[in-house]
Student: 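Sending over a structure as structure tokens; questions will come in a sec.
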Protein chains: 2
Amino acid sequence: MSANAELALQSLRQAEVRITPPRRVVIEVLASQEHLTAPEVVEAVQKRAPAISRASVYRTLDLLTRLGICRIATMGLPIVRYTLTPTGNHHHLVCSNCLRAFEFDSCGLSALVPELEARTGFRISGHLLEAYGLCADCQQAESVTE
Amino acid sequence: MSANAELALQSLRQAEVRITPPRRVVIEVLASQEHLTAPEVVEAVQKRAPAISRASVYRTLDLLTRLGICRIATMGLPIVRYTLTPTGNHHHLVCSNCLRAFEFDSCGLSALVPELEARTGFRISGHLLEAYGLCADCQQAESVTE
DNA sequence: ATGCATGCAAAGAGTTTGCAAGACA
DNA sequence: TGTCTTGCAAACTCTTTGCATGCAT
């Protein structure tokens, strides 16, 4: 079991919800791959444990999302994708042309959080940043065509 | 017709796609309200022009998204929402408890874009930032309960 | 022991697609 | 005029729900 999965289970315990086989397996699946759609999670879960129902997967994804254990990102497309976010933060760079997505770590935003909290009264626990643009490859292809 | 709608139409012309009544109406609807779901756009479009089909709305939303004229955000929930983004940028602060969402303007990120471009080779055209946390009200409610 | 969570299956939404007809440039 | 876009309607996929059963605590 991965460290991220362990962290997620701990969060479940803290939230005082029961730890059941379906929940365990959904977490394992999410820990094994990022940016999965709900149907993809269903498929992966049932590959590991065919008896687990679609409904439980949906209910678990909903639970994990409400608890902030996983986060939703779309990469610019109208498709919801789930990812475990132990740090609470998540950053992508998405190419508008080829639609490839890249992760990046530091976004320099942590420094801005205190100011944002002061201004808004929020206590901020995490963020998602998606930047859109043209990747190096597509810029090149574009300049050739023009 | 709002300024944002005009901008969107100009982008369509630049992209050399035809400007048709369904496309116009979808843009007007998106210009009139942010964060609409696809079914909400369908409803609003058909209120203005009942003859426009659901399929055209979906096709138009897809087109606008691919052209970067509108952007997708989820506010942390597994529901895709469309918003016209003339600047290319978009910022929310979402309360994990009451699920209310607030917009904010400057995110201090523009300063970081050049560095990110240099590091990744991307040419960045816009971004979405969603921060999650507890709003002031929910923090208070929480401290009362505890 | 008890109340929460599950599986099942059906219903309900939401989205996509093929094709003939129509309209933009 | 030619090509792109539309509307229709059906098919499809995805998601939610009620309820009896089972299980985590």
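Throughout, a chain's letter reflects where its sequence line sits, starting with A, and its residues are numbered from 1.
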Student: Grab the CG-P distance between D62(A) and dT16(D) for me, whole Å please.
Tutor: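 Result: 7 Å.
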Student: Flag the pair V41(A) / T60(A) as yes when at least one side-chain heavy-atom distance between them is below 4.5 Å, and no otherwise.
Tutor: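 A side-chain contact under 4.5 Å is absent here.
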Student: Separation of R54(B) atom CZ from dA13(C) atom P, in whole Å?
Tutor: 12 Å
Student: What is the distance from CG of L61(B) to P of dT16(C), rounded to the nearest Å?
Tutor: 10 Å
Student: To the nearest Å, how far apart are R66(B) CZ and dT5(D) C1'?
Tutor: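 The answer, rounded to whole Å, is 13 Å.
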Student: For R23(A), report the nucleic acid contact type (base, sugar-phosphate, nothing); a contact means any heavy atom under 4.0 Å.
Tutor: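 Sugar-phosphate: the residue R23(A), judged by heavy atoms under 4.0 Å, touches backbone atoms but no base.
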Student: Test E28(A) against every option in K47(A), R48(A), R23(A) by the salt bridge (charged side-chain N to carboxylate O under 4.0 Å, His left out) rule and name the one that passes.
Tutor: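 It is R48(A), the one option of K47(A), R48(A), R23(A) that forms the salt bridge (charged side-chain N to carboxylate O under 4.0 Å, His left out) with E28(A).
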Student: Roughly, in whole Å, what's the span from CD1 in I79(B) to P in dA13(C)?
Tutor: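 Going from CD1 in I79(B) over to P in dA13(C) covers 14 Å.
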Student: Could you check H127(B) against H91(A) for ring pair (Phe, Tyr, Trp, His ring centres under 6.0 Å), going step by step and ending with a plain yes or no?
Tutor: CA-CA 11 Å; H127(B) 64 256; H91(A) 313 103; over 10 Å; no
Student: Heavy-atom nearest nucleotide on DNA chain D for S56(B) versus A38(A): which residue maps closer to 5'?
Tutor: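 In this pair, the answer is S56(B).
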Student: Side chains of H92(A) and H35(A), heavy atoms from C-beta outward: is any pair under 4.5 Å?
Tutor: yes
Student: Rounded to whole Å, please give me the gap between CG in L67(A) and P in dA5(C).
Tutor: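 So the two atoms are 11 Å apart, to the nearest Å.
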Student: I'd like to know if the side chain of T85(A) reaches the main chain of T87(A), judged simply by a donor and an acceptor atom lying under 3.5 Å from each other, with no hydrogens or angles considered.
Tutor: no
Student: Let's see if you can work this out: which of dT17(D), dT15(D), dG7(D) has an atom nearest to the side-chain heavy atoms of R59(B)?
Tutor: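 The answer is dG7(D).
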Student: Nearest to the side chain of Y58(B), heavy atoms from C-beta on, is which of dT15(D), dG14(C), dA9(C)?
Tutor: dG14(C)
Student: What is the distance, to the nearest angstrom, from the CG atom on L63(A) to the P atom on dT6(C)?
Tutor: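 Going from CG in L63(A) over to P in dT6(C) covers 9 Å.
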Student: For dT6(C) and S53(A) - does any side-chain N or O of the residue sit under 4.0 Å from the phosphate oxygens OP1/OP2?
Tutor: no
Student: Salt bridge or not between R119(A) and E115(A)? Use side-chain N to carboxylate O under 4.0 Å.
Tutor: yes
Student: Protein-nucleotides 22-25 of chain D N/O pairs closer than 3.5 Å?
Tutor:
unit_1, atom_1, unit_2, atom_2, d
dT25(D), OP1, I19(A), N, 3.2

Student: Closest approach to the side chain of P39(A), judged atom by atom: which nucleotide of dC8(C), dC14(D), dG18(C) is it?
Tutor: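 Given the options dC8(C), dC14(D), dG18(C), the side chain of P39(A) is closest to dC14(D).
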Student: Can you tell me how far C1' of dG14(C) sits from CD of Q46(B), to the nearest Å?
Tutor: 14 Å
Student: Is the CD atom of E103(A) crowded by more than 12 outside heavy atoms at less than 6.0 Å?
Tutor: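 More than 12 heavy atoms, drawn from other residues, nucleotides or ligands, come within 6.0 Å of this atom.
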